[in-house]
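Remarks on the structure that follows.
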Amino acid sequence: MPLTLYNSRTKKKELFLPLTPKQVKMYVCGVTVYDDCHLGHARSALVFDTIRRYLEYSGYQVTYVRNFTDVDDKILQRAQKEGIPWTQVTEKYIEAFYRDMGRLGIIPPTIEPRATHHIQDIVDMIAGLVEKGVAYEVEGDVYFEVRKFSQYGQLSGRNLEELLAGARVEVDHRKKDPMDFALWKSAKPEEPGWESPWGKGRPGWHIECSAMSIKHLGPTFDIHGGGKDLIFPHHENEVAQSCAYTGKEFARYWIHNGFVTIDQEKMSKSLGNFFTIREIFEKSSYSEIVTGECLRYYLLSTHYRSDINFSNQSIAEAKAALDNFYGLLQRLEEPSSKSEIGGDKDWETLCKDFTEKFTWAMDDDFNTPKALAAFNEFRGTINKLLGKGLSEKSRETILKTLKAYGKTLGLFQMTVSKWNSIVVRLGMAKSEESGLPIKGIVGPTNKWIEEQIQIRNEAREKKNFSTADRVRNELADQGIILEDRPDGTTRWKR
RNA sequence: GGCGCCGUACCCAAGUGGCUAAGGGAGCAGUCUGCAAAACUGCGAUUCAGCGGUUCGAACCCGCUCGGCGCCUCCA
């Protein structure tokens with residue numbers, strides 16, 4: 001099945017045909033760097049990371065651009081509040097952003113342009129719009145005249161009359177129309193600014209995305225993405241100014257992800273109901289790498305266009321599901337206790353069934369919940385085959401398949417021992433990279449645990465089950481779970 | 001007020017006209033085990049918010065009602 005995706009412009013699933021065969025140009029709106037990012041930002045980044053991974057898996061060469069908005073009123077406010085230079089605010093939160101994305105296993109985009117590095121491109125574009133007569137200057141500010149762009153409202157499915165009827169737009173009498181939006185904002189004496197034909201100022205928010213996407217991807221590119229809250233006015237305005245400027249089609253497919261909600265309400269700064277990525281990791285009782293994968297699994301368990309509700313059991317459920325997969329990986333890695341290899345004759349067709357189901361799901365508008373269902377079914381079938389016995393070669397191939405397909409979702413890539421090492425916070429030491437308290441292994445050492453297991457197994461040998469059970473209970477009290485293997489060995493995990 | 005989305009089992013969540021309504025979590029029972037754990041097997045929605053309509057046939061299409069949410073102002 002060929003790849004189809006839902007285009008929010010046409011409100012339909014469409015066959016995906018990139019401008020240039022086997023190449024995809026994709027632009028996604030990034031964050032404004034004035035604070036730590038929350039789960040909502042993480043979802044957007046993760047959704048497009050997954051799309052990027054899957055496109056690459058499908059054989060496309062992807063040029064993925066995601067911007068940083070690093071000059072904005074909010075940044076200036078923050079700087080003032082903290083009494084530090086505004087550039088220090090942006091540097092700090094760009095760094096924090098990288099830290100958080102890294103912990104979620106998000107692959108850095110091909111290009112990560114910053115607005116402040118593209119002032120000239122922005123000024124040129126605004127000048128071009130003024131020249132074409134679709135933008136006008138008032139006292140050092142430049143506005144885009146929406147009436148001059150006949151298709152205004154097409155992306156978000158609204159028209160100017162309806163918008164005006166809403167009448168929630170504050171009226172600025174200097175503008176020709178209340179809906180006109182700022183391309184360039186004049187700077188007050190104490191504010192940062194750049195020289196321009198209209199005096200010292202800074203770019204408006206919408207224009208930077210247009211200027212940077214056109215600069216790095218050309219006037220027309222394949223995919224433009226972002227959270228669904230950006231459809232209006234941000235993306236609508238991008239379309240207007242870009243098309244007016246280039247005279248060409250802008251983005252061909254628009255992809256918008258749903259919100260992360262708390263008690264069914266949109267997670268947002270203004271409502272105050274948000275969890276930052278940072279605090280989720282700090283509060284997690286799992287290791288950083290495990291928490292990252294749990295978050296990823298959780299976020300992938302709902303289709304990207306739907307809203308997803310976050311609660312304190314979300315991570316735990318993902319952990320339980322992932323435990324099953326790492327259990328399977330372990331069984332595939334360790335020597336089989338079976339002498340027969342009854343499963344060998346079936347695994348190839350079963351592998352094929354799985355890969356077909358998986359790609360079918362992903363080709364259908366990146367349906368990750370369906371793809372995860374395929375993984376879970378495959379897990380069941382492999383466990384059954386293991387029961388019948390599998391040769392080392394078969395186990396290796398299956399393992400490779402799991403890892404290869406897992407990679408397109410960013411799952412199942414760590415070693416089983418990393419997965420199983422639960423760590424808790426020590427509190428004192430801080431990580432050099434993240435500045436966060438380091439989590440280290442607390443509790444009994446591996447050596448001690450293995451000694452205890454030895455004692456227990458000797459007791460079992462002598463059928464002294466009360467001693468054996470006492471040892472096991474003591475270990476259980478410390479969170480150590482034992483598993484006796486058919487070959488007489490004992491496996492443990494924290 | 002305008003535009004739009006959602007309501008599927010205890011929880012999460014696919015499915016949007018036609019075989020028995022995916023999958024995960026939790027739970028219960030069984031096989032295995034000295035007992036456990038893990039794995040496997042079985043159980044779990046005669047039913048998809050409610051009511052009406054279209055159709056040979058609807059969770060899926062249409063209408064209404066109830067409930068929840070979003071955008072229209074910065075927002076992933």
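Every chain is numbered from 1, with letters handed out A, B, ... down the list of sequences. These numbers were taken from a predicted model, which means no experiment stands behind them. Note: hydrogens, waters and symmetry copies are ignored here, and every other heavy atom, side chains too, is used.
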Starting the side chain at C-beta, find the nucleotide from [options] nearest to [X].
{"X": "Glu377(A)", "options": "C71(B), G34(B), G23(B)", "result": "G23(B)"}
{"X": "Phe259(A)", "options": "A76(B), A14(B), G34(B)", "result": "A76(B)"}
{"X": "Asn383(A)", "options": "C40(B), A37(B), G34(B)", "result": "C40(B)"}
{"X": "Lys74(A)", "options": "C74(B), A14(B), C69(B)", "result": "C74(B)"}
{"X": "Pro369(A)", "options": "C35(B), A14(B), G24(B)", "result": "A14(B)"}
{"X": "Tyr297(A)", "options": "G24(B), C71(B), A76(B)", "result": "G24(B)"}
{"X": "Phe465(A)", "options": "A76(B), G34(B), G2(B)", "result": "G34(B)"}
{"X": "Glu265(A)", "options": "C69(B), C35(B), C71(B)", "result": "C69(B)"}
{"X": "Asp229(A)", "options": "A36(B), C71(B), G23(B)", "result": "C71(B)"}

Indicate, with a heavy-atom threshold strictly under 4.0 Å, whether [X] touches base, sugar-phosphate, or nothing.
{"X": "Arg331(A)", "value": "sugar-phosphate"}
{"X": "Asn376(A)", "value": "sugar-phosphate"}
{"X": "Gly387(A)", "value": "nothing"}

(request) Please say whether the positively charged group of Arg9(A), taken as NZ for Lys or CZ for Arg, lies over the ring of Tyr253(A), i.e. under 6.0 angstrom from the six-membered ring centre and within 45 degrees of the axis. (result)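 So Arg9(A) doesn't make the cation-pi contact.
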(message) Tell me whether the NZ or CZ atom of Lys403(A) lies within the 45° cone about the ring axis of Phe412(A) and under 6.0 Å from its centre.
(response) no
(request) Compare side-chain N and O positions of Asn367(A) against OP1 and OP2 of G15(B) and report whether any pair is under 4.0 Å apart. (result) yes
(message) Is there a side-chain contact between Lys266(A) and the phosphate of C71(B), meaning an N or O under 4.0 Å from OP1 or OP2?
(response)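 For C71(B), OP1 or OP2 has a side-chain N or O of Lys266(A) closer than 4.0 Å.
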If you measure from the [atom1] atom in [N] to the same atom in [M], how many Å do you get, rounded?
{"N": "C32(B)", "M": "G17(B)", "atom1": "P", "value": "47 Å"}
{"N": "A14(B)", "M": "G24(B)", "atom1": "P", "value": "15 Å"}
{"N": "G23(B)", "M": "C72(B)", "atom1": "P", "value": "40 Å"}
{"N": "A59(B)", "M": "A22(B)", "atom1": "P", "value": "14 Å"}
{"N": "U47(B)", "M": "U20(B)", "atom1": "C1'", "value": "13 Å"}
{"N": "U55(B)", "M": "A13(B)", "atom1": "C1'", "value": "30 Å"}
{"N": "G4(B)", "M": "U46(B)", "atom1": "P", "value": "34 Å"}
{"N": "A36(B)", "M": "G68(B)", "atom1": "P", "value": "48 Å"}

For a quick check, tell me whether the side chain of [X] and the base of [N] share a donor-acceptor pair closer than 3.5 Å.
{"X": "Asn159(A)", "N": "C3(B)", "value": "no"}
{"X": "Asp307(A)", "N": "G70(B)", "value": "no"}
{"X": "Arg43(A)", "N": "A76(B)", "value": "no"}
{"X": "Lys384(A)", "N": "C40(B)", "value": "no"}
{"X": "Glu317(A)", "N": "G24(B)", "value": "yes"}

Check: [X] ring centroid to [Y] ring centroid under 6.0 Å:
{"X": "His206(A)", "Y": "Phe181(A)", "result": "yes"}
{"X": "His256(A)", "Y": "His224(A)", "result": "no"}
{"X": "Tyr405(A)", "Y": "Phe354(A)", "result": "yes"}

(request) Take atom CG of Leu329(A) and atom P of A38(B), then tell me their distance rounded to the nearest Å. (result) 17 Å
(message) If I take atom OH in residue Tyr304(A) and atom C1' in nucleotide C5(B), what distance separates them, rounded to the nearest angstrom?
(response) 15 Å
(request) Among Thr32(A), Asp73(A), Val89(A), find the residue that satisfies the side chain to side chain contact (heavy atoms under 4.5 Å, CB included) test when tested with Arg78(A). (result)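 Between Arg78(A) and the candidates, side chain to side chain contact (heavy atoms under 4.5 Å, CB included) is satisfied uniquely by Val89(A).
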